[in-house]
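Here's the structure, in structure tokens; my notes come after.
Heavy-atom basis, side chains included; hydrogens, waters and symmetry copies ignored.
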Amino acid sequence: MNKKEVKLVEIGPRDGFQNVKEFIPTDVKLNVLKGLVSAGYKKIQITSFVSEKAIPQMKDAREITDYMLENHSDLDLFALVPNYYGAKSAWETGLREITPVMSLSETHNQANVRRSHDESINELKKIRDDFPEMKITQDIATVFGCPYEGKMEVGPLLELIGRMGEIGIDAITLCDTIGVAYPAQVEEVLDCVYKNFPDYEFNFHVHDTRNMGILNSYISIQKGINSVQTSIGGLGGCPFAPGATGNTASEDLIYLLEHDGYDTGIDFSKVLETAKYMKENINGNFSGHHINISVVQHGFN
């Protein structure tokens, strides 16, 4: 039986690390990244070019980027940027893909990046104009629900995607920032975006707040999503979204997909080994399940 291919993107070195209060030594971060590369990841979100005052954890963004570009330039490496300054900093280090972030909820957008939708769109235009060779993969946060505004509707999402398309955004990541999405809602949203934008690249990013991260990720894959983002160990959570706990754990999703006939191209055992190294060396909120299993059953990884 031929396995179905699926693309998984690791975001733990950014979305996982950013919510850890105690600074993670740079050498520990690099060891995690080395583990991910060894496991077979081809695309990794390695850091965030953000104000050190806002998120001190990311103060070594340039050092991390310099190392990864020098040693792993063959991989797809990218970083989150909250604004034009972050995009400029990423470009100057040599990165050629960035992820700006904008929330579907205007209230959350103000809390997260301190801008209205119009202000965020105008800044995106400037980034697009000044860095025409940069791939821009736009995160849209709170697609399924917002801690301030509640459940979000599909209509405003389609309008926002349309505005981004006019600017020339290369790809869109649909984010369940606080983990409120449920299967029928995921199906509805994906059906609508693919119907209206059949030629766009869409990625999926879901938190596991209500223990539905694996299920919703699996549904998005069956719906034809281009890639799914997960965080090793289930580490993470948005600092500006009350109640947002960890991301979907990379090793948990890999386990499901590999046993269900998918080819992830990633070595589960090496990912799990790296996740356990993280738990031993990082004081964070790990929501993954395999990370807590000490006994491996015969016949199963």
Side-chain angles (χ1 to χ4, degrees), residues 7-19 23-24 26-102 112-113 120 123-141 164 167-173 175 200-203 205 226-232 235-236 238 247 250:
K7 184 175 182 180
L8 301 182
V9 177
E10 178 57 51
I11 60 169
R14 191 280 301 179
D15 202 12
F17 291 170
Q18 74 175 10
N19 217 37
F23 183 73
I24 304 167
T26 302
D27 63 335
V28 172
K29 293 178 181 176
L30 290 176
N31 284 339
V32 172
L33 284 161
K34 291 173 187 176
L36 294 170
V37 173
S38 175
Y41 274 98
K42 303 302 182 185
K43 186 163 187 174
I44 307 171
Q45 189 176 56
I46 58 175
T47 190
S48 174
F49 285 88
V50 64
S51 166
E52 293 181 19
K53 292 182 180 179
I55 304 181
Q57 189 63 253
M58 296 292 131
K59 65 183 180 181
D60 56 1
R62 184 175 291 271
E63 185 177 351
I64 293 290
T65 303
D66 287 345
Y67 174 86
M68 291 299 291
L69 287 176
E70 181 178 350
N71 292 278
H72 302 291
S73 59
D74 57 320
L75 302 180
D76 290 332
L77 307 172
F78 68 115
L80 182 138
V81 302
N83 50 35
Y84 179 88
Y85 178 78
K88 183 173 182 292
S89 297
W91 176 266
E92 290 173 348
T93 65
L95 281 179
R96 292 300 176 259
E97 180 176 353
I98 56 172
T99 302
V101 61
M102 180 177 177
N112 196 28
V113 296
S120 288
E123 188 155 43
L124 277 175
K125 289 178 181 177
K126 183 171 176 56
I127 293 172
R128 176 77 290 164
D129 291 343
D130 288 2
F131 306 104
E133 297 179 11
M134 181 78 84
K135 179 176 180 179
I136 301 177
T137 299
Q138 177 68 44
D139 274 9
I140 303 182
M164 291 174 176
I167 296 172
I169 300 303
D170 298 289
I172 301 286
T173 303
C175 304
Y200 280 35
E201 176 186 331
F202 285 106
N203 313 300
H205 170 129
N226 291 87
S227 72
V228 173
Q229 299 182 351
T230 56
S231 176
I232 185 167
L235 185 64
C238 177
N247 294 281
S250 304

Quiz item: How long is the gap from OH on Tyr200 to CE on Met164, to the nearest 0.5 Å?
Solution: 10.5 Å
Quiz item: If you round to the nearest 0.5 Å, how far is CD1 of Ile64 from OG1 of Thr26?
Solution: 5.5 Å
Self-check item: Within-4.5 Å side-chain heavy-atom neighbours: Gln57 and Ile24
Solution: yes
Quiz item: Between Arg128 and Asp170, does at least one N-O distance fall below 4.0 Å, as a salt bridge requires?
Solution: yes
Practice problem: Measure the CD1-CG distance between Ile136 and Leu124 for me, rounded to the nearest 0.5 Å. | Solution: 6.5 Å
Quiz item: With Phe23, which residues qualify under ring pair (Phe, Tyr, Trp, His ring centres under 6.0 Å), at least two apart?
Solution: none
Self-check item: Partners passing salt bridge (charged side-chain N to carboxylate O under 4.0 Å, His left out) against Asp139 (at least two apart in sequence or in another chain)
Solution: none
Quiz item: About how many Å separate CD1 of Ile169 and NZ of Lys125, when rounded to the nearest 0.5 Å?
Solution: 11.0 Å
Practice problem: Evaluate whether atom NZ of Lys59 has more than 12 neighbouring non-hydrogen atoms of other residues, nucleotides or ligands under 6.0 angstrom away. | Solution: no
Quiz item: Who pairs with Lys126 by side chain to side chain donor-acceptor pair (under 3.5 Å), at least two apart in sequence or on another chain?
Solution: Asp130
Self-check item: Atom of Ser120, atom of Met102 and distance for their closest heavy-atom approach
Solution: CB-SD, 3.7 Å
Quiz item: Would you say the side-chain atoms of Ser38 pair up with the backbone N or O of Lys34, donor to acceptor, closer than 3.5 Å?
Solution: no
Practice problem: Please name all residues satisfying side chain to side chain donor-acceptor pair (under 3.5 Å) with Thr99, sequence neighbours left out, ordered by chain then number. | Solution: none
Exercise. Check Tyr41 against Glu10 and note the closest heavy-atom contact, atom names and distance.
Key: OH-OE1, 3.4 Å
Quiz item: Do Asp15 and Ser231 have side chains that get closer than 4.5 Å, going by heavy atoms?
Solution: no
Quiz item: Taking the side chain as C-beta and beyond, is there a heavy-atom pair between Pro13 and Leu36 under 4.5 Å?
Solution: yes
Quiz item: Closest approach of Val81 and Ala90, non-hydrogen atoms and distance?
Solution: CG1-CB, 4.2 Å
Quiz item: Is there a side-chain contact (heavy atoms from CB on, under 4.5 Å) between Arg96 and Phe78 once you walk through the steps?
Solution: CA-CA 7 Å; Arg96 292 300 176 259; Phe78 68 115; over 6 Å; no
Quiz item: Gln138 side chain to Pro100 main-chain N or O, any donor-acceptor pair under 3.5 Å?
Solution: yes
Quiz item: Given side chains that start at C-beta, do those of Leu69 and Leu95 come closer than 4.5 Å, heavy atoms only?
Solution: yes
Self-check item: Atom pair OG1/CG of Thr230 and Asn247 - distance to nearest 0.5 Å
Solution: 8.0 Å
Quiz item: Can you name the side-chain contact (heavy atoms from CB on, under 4.5 Å) partners of Glu92, sequence neighbours left out?
Solution: Arg62, Lys88
Exercise. Can you measure from OG1 (Thr173) to NE2 (His205) and round to the nearest 0.5 angstrom?
Key: 8.5 Å
Exercise. Kindly give the heavy-atom pair with the smallest separation between Met68 and Val37, and that separation in Å.
Key: CE-CG2, 4.1 Å
Exercise. Check whether any side-chain heavy atom of Leu33 sits under 4.5 Å from a side-chain heavy atom of Ile44, and report yes or no.
Key: yes
Practice problem: List the atom of Arg14, the atom of Leu80, and the distance in Å for their closest heavy-atom pair. | Solution: CZ-CD1, 3.5 Å
Quiz item: Less than 4.5 Å apart, any side-chain heavy atom of Tyr67 and any of Leu30?
Solution: yes
Exercise. Search all heavy atoms of Ile98 against all heavy atoms of Ala87 and return the closest pair with its distance.
Key: CD1-CB, 3.7 Å
Self-check item: Lys135: salt bridge (charged side-chain N to carboxylate O under 4.0 Å, His left out) partners, not counting sequence neighbours
Solution: Glu201
